[in-house]
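Reading through the structure tokens given below for one structure.
We're numbering straight along the sequence, starting at 1. If you're wondering where the values come from, they're calculated on a predicted model, not measured in any experiment.
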Amino acid sequence: TALKEAYASAPTSKLVVDTLELYHPDFNGEGEFAGDTIRLVRDFTDFSGTLESTAPRDASTEVTFTAYAIDFVPPEVGDNPSPAINITIDNASADIVRLMDKVAQSTTPIEVIYRQWLSDDTSVPQNDPPTYMEISRVTATVNRVTAVATIFNFKNKPFPGRKWTTEFSPSLADTPT
């Protein structure tokens with residue numbers, strides 16, 4: 001893939017751009033982050049890219065990721081059933097800190113989507129599908145947010161993902177023969 005080529009050849013014209021999307025239905029942000037989604041890029045300038053067609057929000061739409069001093073190590077592929085990563089947002093704005101405080105006691109986890117892009121190809125993320133995670137623990141101070149995110153654990157989800165009811169599948173209802 002183009003991402004592997006960029007890592008292997010390390011051309012100065014192709015930089016890998018790391019982005020995080022944080023979503024929670026109770027964010028309802030105002031100011032810098034309006035809506036229920038926070039999009040951040042690990043860079044000094046904002047970044048615009050077109051999301052994958054399977055994105056849960058704004059699919060196939062160009063969106064802007066706000067530049068922030070974020071630090072994290074992408075999750076490794078390995079035997080660990082639920083690998084965790086630490087995410088730090090330094091110099092977090094009052095808007096981010098307020099939103100994190102707002103959802104800190106919620107039973108609904110904050111969803112995180114990690115995407116990688118190439119600086120010369122913003123048409124689609126290079127790690128398609130992107131990595132989906134949930135924040136299991138978050139702390140916020142005056143200007144720093146620290147979170148622990150774990151990769152979405154499919155073992156805890158029912159299979160198939162849909163609950164089979166008579167509303168979903170009327171043929172399940174008892175019918176006289």
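Of the charged side-chain nitrogens involved, none lies within less than 4.0 Å of a carboxylate oxygen, so that D71 and R144 do not count as a salt-bridged pair. D101 and R98 are not joined by a salt bridge, as no carboxylate oxygen comes within less than 4.0 angstrom of a charged side-chain nitrogen.
With contacts defined as side-chain heavy-atom distances shorter than 4.5 Å, the pair V145/T139 does not qualify. Considering only heavy atoms from C-beta on, L51 comes within 4.5 Å of V63 through its side chain. In this structure, I135 and V138 have side chains that are in contact, with non-hydrogen atoms separated by less than 4.5 Å. Side-chain contact check for T122 versus F47: some heavy-atom pair is nearer than 4.5 Å.
Figure legend: R57 and Y23 shown as a cation-pi pair, the cationic atom lying under 6.0 angstrom from the six-membered ring centre and within 45 degrees of its axis.
A donor-acceptor pair shorter than 3.5 Å cannot be found between the side chains of N127 and Q116. Under the 3.5 Å distance criterion, with hydrogens and angles disregarded, no donor-acceptor pair is assigned to the side chains of T108 and H24. Using a 3.5 Å distance cut-off with no hydrogens or angles, the side chains of D95 and S93 do not pair a donor with an acceptor.
The CG atom of L22 sits 6.0 Å away from the CD1 atom of I89 when rounded to the nearest 0.5 Å. Separation of atoms OH (Y68) and OG1 (T19) is listed at 15.5 Å; rounding is to 0.5 Å. Atom OG1 of T64 sits about 12.5 Å away from atom CG of L40, to the nearest 0.5 Å.
Between the side chain of T150 and the backbone N or O of A84, no donor-acceptor pair lies under 3.5 Å.
Aromatic ring centres of Y132 and Y114: separated by at least 6.0 Å.
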